[in-house]
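Down below is the structure, laid out as structure tokens.
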Amino acid sequence: MKRSELFTKTTKTVPADEASLNAKLLIRAGYVHKEMAGVYAYLPLGLRVMEKIKQIVREEMNAVGGQELLMTNLQPKAVWQTTGRWDDQLVDIWFKTKLQAGDEEVGLAWSHEEPIMNMLREHVHSYKDLPVAVYQFQTKLRNELRAKSGIMRGREFLMKDLYSIHATKEDLARFYDQVIEAYKRIYDRLGIGQLTYVTFASGGAFTKFSHEFQTICEAGEDWLYLDRERNIAVNEEVLDDAVADMGLDKTKLEKLRSAEVGNIFNFGTEKADQMGITFTDKDNKNKPFYYGSYGIGISRVMGVIAELFSDEQGLVWPENIAPFSLYLINIGDSAGVRETTRSVYDRLTASGVEVLWDDRDARPGDKFADGDLMGIPHRVVVSPQTVAGNKLEYKGRTERKAVELSVDQLMEKLIHKGI
Ligand code: ATP
Ligand code: MG
């Protein structure tokens with residue numbers, strides 16, 4: 001894509017009320033637009049990153065047998081009353097409104113645990129239908145009290161939520177472990193695997209602890225206690241319980257700031273019991289489903305990555321979720337420069353490399369600064385000097401020095417890296 005065709009501009013100014021680094025950078029680089037606190041729109045560059053994150057998650061969800069669907073934002077009161085979670089005392093983040101016709105109260109979905117169960121009851125009747133795993137990428141609406149962490153805590157945010165139902169607790173336990181492994185692969189592929197810990201958190205309905213995926217990050221809102229030797233991570237909220245339960249030495253625990261990037265939950269038969277949902281088992285008896293729920297905060301993960309890898313110059317995207325792989329800059333507009341840039345652009349694009357060509361009539365320094373601010377992993381410059389030397393100037397986003405490469409060497413470098 002040519003930069004002149006991208007409608008978004010970079011800017012040095014950010015909204016005065018924006019405190020978080022991730023949102024500041026994403027706004028400055030033209031990835032997101034701030035509607036209000038905790039509410040962000042995704043512009044073309046931001047959407048490209050989000051779609052790449054989604055695709056990685058989608059592949060891993062499909063690999064464990066998940067079927068993708070899309071539930072609704074508008075929620076009927078009755079479904080949530082079955083579990084008591086319509087009650088604002090129990091769930092304090094509801095957005096609620098009323099239909100014009102009939103004055104009926106409706107809620108805006110902050111989760112889909114109840115609606116999914118309620119939907120499944122129409123399709124799953126027998127042990128032969130089990131197990132079922134479904135997932136979606138869905139906008140959740142939550143009336144969060146505080147929204148100061150940029151896209152890491154939205155009042156409107158994108159979640160991937162997976163749900164599974166099973167005939168027995170052993171089946172659910174097996175699938176639960178598969179999802180833990182799938183989540184590890186996801187965070188590895190997103191470039192934050194090394195910093196992300198499976199963490200013991202406050203309990204599911206059936207299990208003493210639930211599991212969170214916590215990424216070490218200064219901008220996070222949680223505290224993680226880490227026993228590096230035993231590789232056990234515990235959320236502060238269950239610290240004493242976990243210390244007692246697992247015989248941890250409290251003095252050896254490292255206290256670290258972290259962000260919850262995922263959460264998995266074993267409900268046992270609690271939801272099915274509350275909602276009166278059963279299947280017919282082999283012995284012809286009606287039994288409640290075992291239910292698991294598994295979330296990933298897609299937009300939060302994007303914010304965490306923006307925070308963790310950025311530097312003085314701006315964003316630094318890991319290769320596989322960058323909106324473009326390469327920022328191509330022409331300096332000047334002589335016939336030689338124009339032809340060379342055009343041919344490099346065509347060749348790379350034809351080989352599947354995603355190139356953003358800064359073809360604007362702008363100062364070279366501004367072009368360099370923009371490529372850096374946007375966090376594009378590779379940069380190539382074509383100037384009268386490089387044309388004269390029959391070379392290109394190449395630099396990786398986090399590298400200090402540029403090097404001279406021939407077009408063939410550049411192709412080798414990029415294609416070889418599997419971009
Ligand atoms: P938190 O403790 O951070 O409020 P939660 O326990 O409410 O999270 P869940 O309801 O389990 O979170 O949601 C699943 C995932 O969605 C979380 O692990 C997190 O990554 C993400 N998430 C939750 N709330 C938000 C939010 N307000 N903005 C962005 N992502 C969120
Ligand atoms: Mg919450």
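When a ligand or atom number is given, it counts from 1 through the structure's own listing order.
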Identity of the nearest option to atom 3 (O) of ligand 1, non-hydrogen atoms only, from R155, R153, K160: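 Closest candidate by heavy-atom distance is R153.
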Over all atoms of both residues, closest heavy-atom pair of V380 and Y394: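 V380 and Y394 have their closest heavy atoms at CG2-CD1, 4.0 Å.
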Minimal non-hydrogen separation, S258 against L224, with atom names: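 Of all heavy-atom pairs spanning S258 and L224, the closest is OG-CB, 3.6 Å.
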Region of M159 engaging ligand 1 - heavy atom pairs below 4.0 Å: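 For M159, only side-chain atoms sit under 4.0 Å from ligand 1.
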Within reach of ligand 1, part of E144 (heavy-atom separation under 4.0 Å):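 Side chain only; the backbone of E144 stays clear of ligand 1.
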G154 to ligand 1, any heavy atom closer than 4.0 Å: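 Yes, that is the case, since the closest heavy atom of the residue is under 4.0 Å from the ligand.
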Taking distance alone, no hydrogens or angles, what donor-acceptor pairs closer than 3.5 Å link side-chain atoms of residues 109-117 to residues at least two apart or in another chain?
| residue | atom | partner | partner atom | Å |
| --- | --- | --- | --- | --- |
| S111 | OG | E113 | N | 3.1 |
| H112 | ND1 | Q136 | NE2 | 3.3 |
| H112 | ND1 | K140 | NZ | 2.9 |
| H112 | NE2 | T72 | O | 2.8 |
| E113 | OE1 | R85 | NH2 | 2.6 |
| E113 | OE2 | S293 | OG | 2.7 |
| E114 | OE1 | R85 | NH2 | 2.8 |
| E114 | OE2 | T83 | OG1 | 2.6 |
| E114 | OE2 | R85 | NE | 2.7 |
| E114 | OE2 | R85 | NH2 | 3.3 |
| E114 | OE2 | K271 | NZ | 3.3 |

Nearest-neighbour protein heavy atom for atom 18 (O) of ligand 1, which is reported as residue plus atom name and distance: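 The closest heavy atom on the protein side is E260 OE2, 2.6 Å.
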Which residue and heavy atom of the protein sit nearest atom 21 (C) of ligand 1, plus the separation: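 Closest protein heavy atom to atom 21 (C) of ligand 1: G297 CA, 3.5 Å.
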N-O pairing of E221 and R146 below 4.0 Å: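 Salt bridge between E221 and R146, a charged N being under 4.0 Å from a carboxylate O: no.
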Short N-O contact, E105 and K77, less than 4.0 angstrom: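 Yes, charged N to carboxylate O under 4.0 Å.
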Numbered atoms of ligand 1 (with element) below 4.0 Å of [X], judged on heavy atoms:
| X | result |
| --- | --- |
| G262 | 18 (O), 20 (O) |
| R142 | 5 (P), 7 (O), 9 (P), 10 (O), 12 (O), 13 (O), 23 (C), 24 (N) |
| N263 | 6 (O), 11 (O), 18 (O) |

Check: R3/Y327 side-chain N/O donor and acceptor closer than 3.5 Å: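 Indeed, the side chains of R3 and Y327 share at least one donor-acceptor pair under 3.5 Å.
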Side-chain donor-acceptor distances from residues 241-248 under 3.5 Å, at least two apart:
| residue | atom | partner | partner atom | Å |
| --- | --- | --- | --- | --- |
| D245 | OD1 | K208 | NZ | 3.0 |

Distance-only N or O hit between ligand 1 and F157, under 3.5 Å: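 No, there is no polar N/O contact under 3.5 Å.
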